[in-house]
Every structure is written in C-alpha cells, then in structure tokens.
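Here is the structure we will look at, set down as structure tokens.
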Amino acid sequence: MTNYTKELEATASLLATPGKGILAADESTPTITKRFQALHIDATEESRRKYRDMLMSAPNIEQYIAGVILYEETLFQNALCGIPFPALLNELGILPGIKVDKGLIPLAHTEDEQVTQGLDGLPERLAQYKEQGARFAKWRAVYRISDNTPSTLALKTNAEVLARYAAICQTEGIVPIVEPEVLLEGDHTIARCEEVTEAVLVAVFKALHRHHVALEHIVLKPSMVINGKACPEKARVEEVAMKTVRVLRQTVPATTRTINFLSGGQTAEEASAHLNAMNQLGFKIWPLSFSYARALQEPAMKVWAGSDNNIRAAQMIFVKRAQLNSLASLGQYNKTMETEKAVLV
Ligand code: 13P
C-alpha cells in the first residue's frame, strides 16, 4: 500500500492555516435548487456554474479561504474563464475538496433517524476525484434531537460509518472532513444540545480510534452547542461559546488537526459572533475556524439573484463574509465591522 503520510500532512497543514477557513460550496443539486427557487433563480447546470464561478473568482478570497468543498458536478466543470474549477482554485493556492457521501437514508428500527450512505465503491471514486484535483473530502452525518433521539443505535451506526469513510480517505491520500451535525431544528434547550453533542463526539472519536484514523490528518466539522431554533430561551453568544468549547475540550483529542464549524442555519452574523467568542476564550488546543455554507453564501446569493449584472456586488458581500469569519477565527471580529464596507484591493 502506498504511504501517503507526507501528502496527508501537507494537505492537513494547509487546511489548518491560521486565519483561514473552508468554504462549503458542495450543496447537492436538490439542495441548491431549493435555495435558488426560494430566491426565484432558475436552477440549471449553467446557473449553478455561474453562481459557483462568482464565489470562486471573487477577489482576494485566497487570503481567507484555505479550501473549497465542491459537489461532484462542479469538480468536473470548467470555470467561466475556461479552465476546470479545481485548476482555478489551485492557481489561487486554495485546495479543492469534494463531498463524497451520497446523502441520508432511514435507519431501520429507529424513530425516523437517518444514516449516511456512500461507502460502496468509495475507494474507486476517491481515486477518480483525486485525479481531478481533489485533496480532501467531506462526509456528513446528522443527528436530530427529540426526547428519544439520537438513539444509541444512531450514535453508534453513524460513528462507525464516519470512521470507515475517514479511514478509506486516508488510505487514498485524501484528508477527510468528519462532519457530525447535531441539527438546529427543534425546541430543545442549549443544555440538551450540550448533552447530545458530547455523546455524538464521544462515539465518533471512539470509532475513529477503532479504525486507526490519524487524527492529525482529519478536519473535524462539528455543529456548535446552541439552543434549538424553536426553543423560547435563546442562549447568549458567550454561553454558546463556553458550552461549545467545554464539550470539545471534554471529547476531542489534542492531536486533531483543526476544527472547522458548520453554520447549520444560524444567520451569517451569529455564526461569525459565535466563532469569534470561542476564539476569545483563549484555549489554543486546536485552531477553531469555519467551514460554512449558508453563513458564507446566503447574503451573496441574495444579491446575485441569478443576474450577471450583480456579480461584482455579490462578490463584495461574499469576500466581506469570508474576511469577517477569518477575523473571527483569530478572535479579532467585532460586530461594528458588519456595517463597514469590505476592502477590495
Ligand atoms: P452550513 O454551514 O450551511 O450548515 O453547511 C455546512 C455543510 O457543509 C453542510 O454539510
């Protein structure tokens, strides 16, 4: 078997560059179609290409973004300038990544819980993606909070699948993003989310250990510890930060290379404020950065609205979010910056 340690080390260390994060632009076709339709934007292969080109050709993003997670369609598409998207990213010194899971299916004998599929044929797909330029991959598992969920069965099954995926990636020289997402949907309290997130992470790291996954060559992409969307009590920014960091310190080994949060339906401003507050707590065990989709893209997608005339304005908004999250990953964000204009050179 080829020894990919050096390659994994190089990729992981670039993804963990201080002050940089990851752009998740890997929405599946049904997901991006829903987001476009909500804004009355036509969802076609060409409109998706134009939209993602707007993001990836935005000026200066390489100052804030270390990697972009692509969906399979985009990995094999050309940017508007005529070169493949992965080549465009490489020219900027940004690493191309790829979403490799094939979505969620019901987990039998549970209360509507789900498990992620896509392990069959994964080594062969990874080899193809790597050939096309992908250096890292992403796999998302989801956990819904209710009185009885997540069940022990869902915790164990999803952890096992995440660990098998991560181990396969590393044997192919691809750095795995391990994404266990505790959903924001529901009326649960922050205390309940804290308890569930801790159980999820314990199960995930046990499984990663069982499968001999090298933690210095993974990216952990967790959700933050936060009250459910429909919970009447809204947790303060400092409470989210403290509880999230407490759970991570309790469950995540120090060797884990970097932690890059998902945004999960928080507003763009909330996601920046929470990340910043965590970094201001001053625990420097692992980098705490971002791997946001909605919190980086939503404001820009609204401004773009499917029109070529809005590309420049949308790029300004997108670069500003990337810049603010970069500052938040260093604990240097301030709410007053929200009203200042992005500085585009
Ligand atoms: P959000 O930041 O919108 O939660 O997306 C992150 C992601 O990659 C979902 O898998």
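Just follow the structure's listing: the first ligand is 1, and inside any ligand the first atom is 1. Keep in mind the model is a prediction, meaning the values are calculated, not measured. Note that the numbering runs from 1 along the sequence shown for the chain.
- Using modelled atom types and a 3.5 Å distance limit, the side chains of Y143 and Q114 yield no donor-acceptor pair.
- The minimum heavy-atom distance between Y292 and L275, with the atom names listed, is OH-CB, 3.7 Å.
- Using a distance-only test at 3.5 Å, with no hydrogens or angles considered, a donor-acceptor pair links the side chain of Y165 to the main chain of A137.
- Of all the atoms in ligand 1, the ones that sit under 4.0 Å from a non-hydrogen atom of R140 are 9 (C), 10 (O).
- Closest protein heavy atom to atom 1 (P) of ligand 1: S263 OG, 3.3 Å.
- The protein atom (non-hydrogen) at minimum distance from atom 9 (C) of ligand 1 is E179 OE2, 3.4 Å.
- Of the protein's non-hydrogen atoms, the one nearest atom 10 (O) of ligand 1 is K138 NZ, 2.5 Å.
- Each of the atoms 2 (O) of ligand 1 lies under 4.0 Å from some heavy atom of Y292.
- Side-chain contact check for T5 and N3: at least one donor-acceptor pair (N or O, by modelled atom type) lies under 3.5 Å.
- Judged by a 6.0 Å distance limit and a 45° cone about the ring axis, R52 is not positioned over the six-membered ring of F85.
- Not a single heavy atom of Q297 sits less than 4.0 Å from an atom of ligand 1.
- A donor atom on one side chain and an acceptor atom on the other are found under 3.5 Å apart for Y333 and E338.
- Residue R294 touches ligand 1 through backbone and side chain together, judged by heavy-atom distances below 4.0 Å.
- At a 4.0 Å heavy-atom cut-off, ligand 1 touches A24 through the side chain alone.
- The salt bridge (Lys or Arg N to Asp or Glu O under 4.0 Å) check on E179 picks up K138, with sequence neighbours excluded.
- Protein heavy atom at the shortest distance from atom 6 (C) of ligand 1 is K221 NZ, 3.5 Å.
- Remark: minimum distance from atom 4 (O) of ligand 1 to any protein heavy atom is reached at G264 N, 2.6 Å.
- Scanning the protein for heavy atoms near atom 5 (O) of ligand 1, the closest one is A293 CB, 3.2 Å.
- Shown here are the ring-ring contact (aromatic ring centres under 6.0 Å, His included) partners of F261, two or more places apart in sequence or in another chain: there are none.
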